[in-house]
Number of protein chains: 2
Amino acid sequence: MKKANITIKDIAKELGVSPSTVSRALKDHPDISQETKNQINDLAKKLNYQPNTVALSLRQSKTNTIGVIIPEIAHFFFSAVISGIEDIAHDAGYHVIITQSNESFEREVMNTKALFNSRVDGILMSVSRETENYEHLQSLLDYDIPLVFFDRIIDSLNACKVIVNDEQGAYEATTHLIEQGCYRIAHLAGPQNLAISKNRLNGYKAALADNRYMIDDNLIKVCGLGTFEEAESITNEILDYRFPPDALFANNDVAAYGAMMAIRKKKLRIPEDIAIVGFSNWRFSSLIQPALSSVTQPGFKMGQEATRLLMKQINKAEDEESITETISLKTNLVVRESSKKI
Amino acid sequence: MKKANITIKDIAKELGVSPSTVSRALKDHPDISQETKNQINDLAKKLNYQPNTVALSLRQSKTNTIGVIIPEIAHFFFSAVISGIEDIAHDAGYHVIITQSNESFEREVMNTKALFNSRVDGILMSVSRETENYEHLQSLLDYDIPLVFFDRIIDSLNACKVIVNDEQGAYEATTHLIEQGCYRIAHLAGPQNLAISKNRLNGYKAALADNRYMIDDNLIKVCGLGTFEEAESITNEILDYRFPPDALFANNDVAAYGAMMAIRKKKLRIPEDIAIVGFSNWRFSSLIQPALSSVTQPGFKMGQEATRLLMKQINKAEDEESITETISLKTNLVVRESSKKI
DNA sequence: CTGAAAGCGCTAACAT
DNA sequence: ATGTTAGCGCTTTCAG
């Protein structure tokens, strides 16, 4: 026996008043007498009246929904971002529609179109790896759909952006090692065609320079494949130097893990013989790798900040000049083990 | 300069026809002449007409949207589920609204209400830890909202359910160890008030029994705290037995990791001296723990299956008898290292 | 083959 | 203080 959905009309008919009165009473409009208000509210509760948001959306041309387009949901970083998005959106009374592009350009375009058709009030997005054509995104801007990019942004588009300051993170990580008293710090770098890897290398170099350390190219090794076996063998190579490093800054967790393996096999201790800090997105890295310090990307915060920016845009008056902000988030340095100094 | 949204009316006016004609032409209705169809389609494309899904939803009382309520988004298992949900929903032309309860009952109730008000066509949900009152869920059923539970289900409710067969997974893991030639298999169990831990213990015992192995209570140790330090010290204890085990089945990844640490510190080899299999939800466990075999929960598949069940319910005719199915998914055994036998 | 009209559920300007 | 009306954008029955 399916219960029927109660509408404002039903309540109005039952009470012999007009739908508008009911509508007003339910939102506590001052024009309505307390008596009718009470009647209406009581009946509404009794019938378990639930307002139809769809009708409201149509009426107000506002869905109270934001759309999210990400490359991949089942990735710790992105799921943390989604969580941050939901957090802020929920508090602001917004729903969140999630779509994933699976790194496919075609699907990304489909998703933008679908979200547009759903008349979401704004879109948060991290572009797919394949995306090189920005028509679909420019189109959103043309229609004045509030749009905020996060993590994988498009520099050339005039929209709000939230990114992680990788260079600063690398700088901080390297500085941390320096402060621990390390004097020969190697870097397992990432492929230099990626901005992210380049930024991290730059941060590493800047930290060395600021502390009047020599930059030794022999201590900077690019891990092009991204496998941990590669990192392991490169680390091995470095450890065999006549003057091996006493610290290592890894571009990512895979490299850090490979380095750790190599070091352990040589029966060296971490961090006493050689300290490691690596960039990491693994949620449980603290549990798994208690020996490694890490620099983590603030995914949850990124989601929050991006959503805040979006809300600001959504709520700005029609005529206000829209300002495109870019927020650069600090990374977190998580120190796992007592320092060398102590 | 904001572009305006084009409606069917705009097209109709421009072409001097009625809105109904445009509506029909756009969906290739046979009544409309090819000529007008072409005109209309051409103009629609030129003006970049995008149908307003909100209006459609109101008209058809169907939103083509499903709602998801989960305890936590930023958890690998759940994010895998979401990914599976999005996968199937997308193919079926549905949008996915994500909400998280953060394990709070109150918030779960709010979310169900909000999704109901949004008139989603169905709801997928995994209940919060706090949930002991099911009125809000029964209410959904009363209104005939298609509802599917996954992972954290409510047994007593008459709805579709998708769960993981933990007992079978444990059975399989233990059998695997037996097949590798292990003869003394310990079990690091979880707190026995959780169904999940009990089921795993049962699977372990059943596998032993079916292979005519003795069940030795000294080899079954409950890890109540759930920290890996605890697992490490319990493993240590077991390893000091006069007849220590040559294999270990861990209730979860934390226990497996703790055991691994203990074993390594004793300079024993994995899996030659002692083999380990553990339940695990860590995404990168294969990368991090190449020495450990694991039993993984099929999160992605669970999302897919749950969504398929939901779609079936959504698409069933009004008068059809609704059948509540329960699907029990198999776990995956991922074997990481060459077996002992070889 | 096409148009007019009604209505999905709600709100808000405009009466009374 | 309450009712009437119109309309958000779309589909669909009924008429022509």
Side-chain angles (χ1 to χ4, degrees), chain A residues 3-41 43-44 47-65 93 114 116-121 143 318, chain B residues 3-41 43-44 47-65 93 114 116-121 143 318:
Chain A
K3 270 201 210 173
N5 279 340
I6 299 296
T7 73
I8 269 188
K9 266 192 192 165
D10 298 327
I11 299 184
K13 206 176 294 174
E14 183 129 354
L15 255 44
V17 295
S18 79
S20 31
T21 306
V22 177
S23 170
R24 283 188 272 241
L26 289 171
K27 43 186 37 182
D28 205 25
H29 190 107
D31 275 2
I32 305 293
S33 76
Q34 195 53 50
E35 197 191 351
T36 29
K37 266 185 200 167
N38 290 342
Q39 273 188 62
I40 290 174
N41 281 314
L43 185 59
L47 298 178
N48 188 28
Y49 167 74
Q50 297 296 131
N52 184 329
T53 330
V54 181
L56 236 180
S57 298
L58 181 61
R59 180 70 229 263
Q60 334 248 56
S61 313
K62 178 147 189 347
T63 52
N64 277 277
T65 299
F116 179 87
N117 291 355
S118 295
R119 299 298 188 270
V120 292
D121 296 334
Y143 282 95
E318 189 65 36
Chain B
K3 269 201 211 174
N5 279 341
I6 299 296
T7 73
I8 269 189
K9 266 192 193 167
D10 299 327
I11 299 184
K13 206 175 295 175
E14 183 129 354
L15 254 44
V17 296
S18 78
S20 26
T21 306
V22 177
S23 170
R24 284 189 269 242
L26 289 172
K27 42 186 37 182
D28 206 24
H29 190 105
D31 275 3
I32 306 293
S33 76
Q34 195 53 51
E35 197 190 352
T36 26
K37 267 185 198 167
N38 290 340
Q39 272 188 64
I40 291 174
N41 282 314
L43 185 58
L47 298 179
N48 187 30
Y49 167 74
Q50 298 296 128
N52 184 330
T53 328
V54 180
L56 236 179
S57 297
L58 181 60
R59 180 70 230 262
Q60 335 246 54
S61 313
K62 178 147 192 342
T63 52
N64 276 278
T65 299
F116 178 87
N117 292 355
S118 296
R119 299 297 189 269
V120 292
D121 296 334
Y143 283 95
E318 190 66 36

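Chain letters run A, B, ... following the sequence lines, proteins first, then strands; residues in each count from 1. Below, all heavy atoms of this structure are taken into account, side chains as well, without hydrogens, waters or symmetry copies.
In terms of the side chain to side chain donor-acceptor pair (under 3.5 Å) criterion, residue partners of A:S118 (sequence neighbours excluded) are, by chain and number, B:H95. For A:K62, the side chain to side chain donor-acceptor pair (under 3.5 Å) partners at least two apart in sequence or on another chain are A:Y94, A:D121. Applying the side chain to side chain contact (heavy atoms under 4.5 Å, CB included) criterion to A:S23, with sequence neighbours excluded, gives A:I8. For A:Y49, there are no ring pair (Phe, Tyr, Trp, His ring centres under 6.0 Å) partners, not counting sequence neighbours. Under the side chain to side chain contact (heavy atoms under 4.5 Å, CB included) criterion, A:S61 pairs with no residue, sequence neighbours left out. Residues satisfying the side chain to side chain contact (heavy atoms under 4.5 Å, CB included) criterion with A:S33, sequence neighbours excluded, are A:E35, A:T36. For A:N41, there are no side chain to side chain donor-acceptor pair (under 3.5 Å) partners at least two apart in sequence or on another chain. Scored by the side chain to side chain donor-acceptor pair (under 3.5 Å) test, B:N117 finds A:Q50 as partners (sequence neighbours excluded). By the side chain to side chain contact (heavy atoms under 4.5 Å, CB included) test, A:L56 is found to be paired with A:Q60, residues two or more places apart in sequence or in another chain being considered.
Remark: C1' of C:dT2 and CD1 of B:I8 are 15 Å apart, rounded to the nearest angstrom. As a whole-Å value, the separation of B:R119 CZ from C:dG9 P is 8 Å. Across the protein-nucleic acid pair, B:Q50 atom CD and D:dG9 atom P stand 15 Å apart, rounded to whole Å. Taking atom CG of residue B:L56 and atom P of nucleotide C:dG9, one finds them 15 Å apart after rounding to whole Å. The separation between B:Q60 atom CD and C:dG7 atom P is 17 Å, rounded to whole Å. Spacing between atom CG of B:N5 and atom P of D:dG9 amounts to 8 Å, rounded to whole angstrom units. To the nearest angstrom, P of C:dC8 lies 11 Å from CG of A:N52.
In this structure, the separation between CD on B:Q39 and CG on B:L15 is 5.0 Å, given to the nearest 0.5 Å.
At D:dC8, one or more side-chain N or O atoms of B:K9 fall inside 4.0 Å of OP1 or OP2 (strictly under the cut-off). Using a 4.0 Å cut-off, no side-chain N or O of B:Y49 falls inside it from OP1 or OP2 of D:dG9. In terms of phosphate contacts, A:K62 brings no side-chain nitrogen or oxygen within less than 4.0 Å of OP1 or OP2 of D:dC8.
A:L58 comes within 4.0 angstrom of a base, heavy atoms only.
Shown for residues 12-23 of chain B: residues whose heavy atoms fall under 4.0 angstrom of DNA chain D, namely B:S20, B:S23. Using a 4.0 Å cutoff on non-hydrogen atoms, the parts of residues 25-41 of chain A near DNA chain D are A:D31, A:I32, A:S33, A:T36, ordered by number.
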N/O contacts under 3.5 Å, protein versus nucleotides 14-16 of chain D?
none

- [ ] Any chance you could lay out the salt bridge (Lys or Arg N to Asp or Glu O under 4.0 Å) test for B:D31 and B:R24, step after step, and finish with the verdict?
- [x] CA-CA 8 Å; B:D31 275 3; B:R24 284 189 269 242; 5.6 Å; no
